[in-house]
Amino acid sequence: MNKFFENLLDWIYKKKCYFCGKSKESVKMCLDCYEQLEFLPFEINRTYKGVNIYCAGLYNKYLQKMIRGLKYHGQRDLAYYTAKFMYEYWRGLNIDGDFQIVPVPIFIKRLKKRKYNHMELVANEFSQLSGYEVNTKLISRIKNTKPQYNLKKAQRMLNLENAFQADKTKLIKGKKVLIIDDICTTGSTFEEMIKELNRAEIYDIVCLAASTPFN
């Protein structure tokens with residue numbers, strides 16, 4: 001019933017595309033704008049401790065607006081389009097295996113302030129597209145780190161040191177780990193999560209970011 005009223009309201013108050021402002025499709029991101037998103041080559045971006053890290057696109061223009069809208073401006077509907085973009089890239093990689101999706105966690109105080117973890121929303125949408133299970137219990141953020149965007153590589157590593165805690169008992173048996181994040185700049189977040197998972201004797205890991213600022 002709630003979905004019925006939601007659809008009715010969408011019909012009465014047509015959604016406008018967050019990017020071009022048009023409402024003919026009544027969606028948060030119209031097809032024309034979605035098709036402006038560009039994939040990076042289907043190749044490894046970097047490797048850390050034997051773990052391959054991939055980045056789906058460049059953090060600019062539409063992709064930048066999509067991520068910032070979802071993360072900072074309450075545009076939760078954009079989680080679907082972020083997941084769709086990431087999943088289409090993921091399929092192009094042709095990586096075999098049964099994965100559990102692990103979104104990068106945020107500290108509890110930040111979660112309460114923001115009201116949601118944007119990457120958990122993306123993980124849920126990615127799950128619908130891929131059929132993989134979401135695992136938000138495997139690793140948590142136990143340190144209230146500073147925002148990373150103004151920090152250099154060494155500062156980022158220090159900021160993230162001992163920021164995560166893995167619980168091996170929460171591993172979904174027989175499944176590989178797919179860590180997802182929105183932006184991979186220096187790779188510090190992925191690296192710290194990989195180190196913590198390795199400490200918990202978890203090694204079968206792949207990392208996927210929606211974007212990177214570097215080509």
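The shown structure was predicted, so the numbers you read here are calculated from the model rather than taken from an experiment.
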Asker: Between Y62 and Y34, is the ring centroid distance below 6.0 Å?
Answerer: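 No, too far apart.
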
Asker: What heavy-atom pair brings E120 and T136 nearest, and what distance separates the two atoms?
Answerer: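 Residues E120 and T136, closest heavy atoms: CD-CG2, 3.8 Å.
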
Asker: Report the C-alpha separation of I205 and V102 in whole Å, then their side-chain angles, then the decisive distance to 0.1 Å, and conclude whether the side-chain contact (heavy atoms from CB on, under 4.5 Å) test is met.
Answerer: CA-CA 10 Å; I205 307 165; V102 178; over 6 Å; no

Asker: Minimum heavy-atom separation for L138 to I202, with atom names?
Answerer: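 For L138 versus I202, the nearest heavy atoms are CD1-CD1, 3.7 Å.
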
Asker: Does the distance from a Lys or Arg side-chain N to an Asp or Glu carboxylate O, for R199 and E196, drop under 4.0 Å?
Answerer: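 Yes, this pair counts.
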
Asker: Do E125 side-chain atoms and A83 backbone N/O form a donor-acceptor pair below 3.5 Å?
Answerer: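 A pair under 3.5 Å: no.
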
Asker: Do you know which two heavy atoms are closest between P103 and V134, and how far apart they sit?
Answerer: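 Closest pair (atom of P103, atom of V134, distance): CD-CG1, 4.3 Å.
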
Asker: List the atom of S211, the atom of I67, and the distance in Å for their closest heavy-atom pair.
Answerer: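 For S211 and I67, the tightest heavy-atom pair comes out as OG-CD1, 3.3 Å.
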
Asker: Against the six-membered ring of Y18, is K65 placed for a cation-pi contact (under 6.0 Å from the centre, within 45° of the normal)?
Answerer: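 Verdict for Y18: a cation-pi partner in K65.
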
Asker: Decide, yes or no, whether a salt bridge links D32 with K22 under the criterion of side-chain N to carboxylate O below 4.0 Å.
Answerer: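 Not counted as a salt bridge, because no side-chain N and carboxylate O are separated by less than 4.0 Å.
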
Asker: For I106 and L111, work out which heavy atoms get closest and say how close.
Answerer: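 In terms of heavy atoms, the two residues are closest at CD1-CA, 3.7 Å.
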
Asker: Could you tell me whether E38 atom CD has more than 12 heavy atoms of other residues or ligands within 6.0 Å of it?
Answerer: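 Atom CD in E38 is not crowded, with 12 or fewer foreign heavy atoms closer than 6.0 Å.
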
Asker: List the atom of C30, the atom of C17, and the distance in Å for their closest heavy-atom pair.
Answerer: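 Result for this residue pair: N-SG, 3.4 Å.
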
Asker: Would L58 and L63 count as a side-chain contact (heavy atoms from CB on, under 4.5 Å) here? Give the steps.
Answerer: CA-CA 7 Å; L58 276 180; L63 188 53; 5.8 Å; no

Asker: Does a sphere of radius 6.0 Å around NZ in K143 hold more than 12 heavy atoms from other residues, nucleotides or ligands, not counting ones at 6.0 Å or beyond?
Answerer: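 More than 12 within 6.0 Å, yes.
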
Asker: If a pair satisfies ring-ring contact (aromatic ring centres under 6.0 Å, His included) and one of its residues is in residues 183-215, list it, with sequence neighbours excluded.
Answerer: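 Residue pairs passing ring-ring contact (aromatic ring centres under 6.0 Å, His included), neighbours aside: none found.
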
Asker: What residue among T189, V122, I180, D182 forms side chain to side chain contact (heavy atoms under 4.5 Å, CB included) with V104?
Answerer: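 Considering T189, V122, I180, D182, a side chain to side chain contact (heavy atoms under 4.5 Å, CB included) with V104 is found only for T189.
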
Asker: Check whether any side-chain N or O of N117 sits under 3.5 Å from a backbone N or O of L121 as a donor-acceptor pair, and report yes or no.
Answerer: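 Such a contact is absent between N117 side chain and L121 backbone.
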
Asker: Kindly indicate, with the supporting measurements, whether the criterion side-chain contact (heavy atoms from CB on, under 4.5 Å) is fulfilled by M29 and L37.
Answerer: CA-CA 11 Å; M29 189 174 193; L37 300 175; 3.9 Å; yes

Asker: Looking at K175, I want to see if its NZ is surrounded by more than 12 non-hydrogen atoms of other residues, nucleotides or ligands under 6.0 Å.
Answerer: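 Yes, NZ of K175 has more than 12 neighbouring heavy atoms, counting only those of other groups under 6.0 Å.
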
Asker: Mark yes or no: K28 above the aromatic ring of Y80, with NZ or CZ under 6.0 Å from the six-membered ring centre and no more than 45 degrees from the axis.
Answerer: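 Not flagged: K28 not positioned over aromatic ring of Y80.
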
Asker: Indicate yes or no for a side-chain donor-acceptor contact from T212 to the backbone of T185 under 3.5 Å, with no hydrogens or angles considered.
Answerer: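 Pair absent, no side-chain N/O of T212 close to backbone of T185.
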
Asker: Give the ring-plane orientation class for F42 versus Y89, where under 30° counts as parallel, over 60° as perpendicular and anything between as tilted.
Answerer: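 Parallel: the ring planes of F42 and Y89 meet at under 30°.
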
Asker: Donor-acceptor pair, R141 side chain versus P105 backbone, under 3.5 Å?
Answerer: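 Checking the backbone N and O of P105 against the side chain of R141, a donor-acceptor pair under 3.5 Å is found.
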
Asker: Is there a side-chain contact (heavy atoms from CB on, under 4.5 Å) between V177 and I139? Walk through the geometry before answering.
Answerer: CA-CA 11 Å; V177 174; I139 189 165; over 6 Å; no

Asker: Is atom CZ of R68 surrounded by more than 12 heavy atoms (other residues, nucleotides or ligands) closer than 6.0 Å?
Answerer: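 Atom CZ in R68 is not crowded, with 12 or fewer foreign heavy atoms closer than 6.0 Å.
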
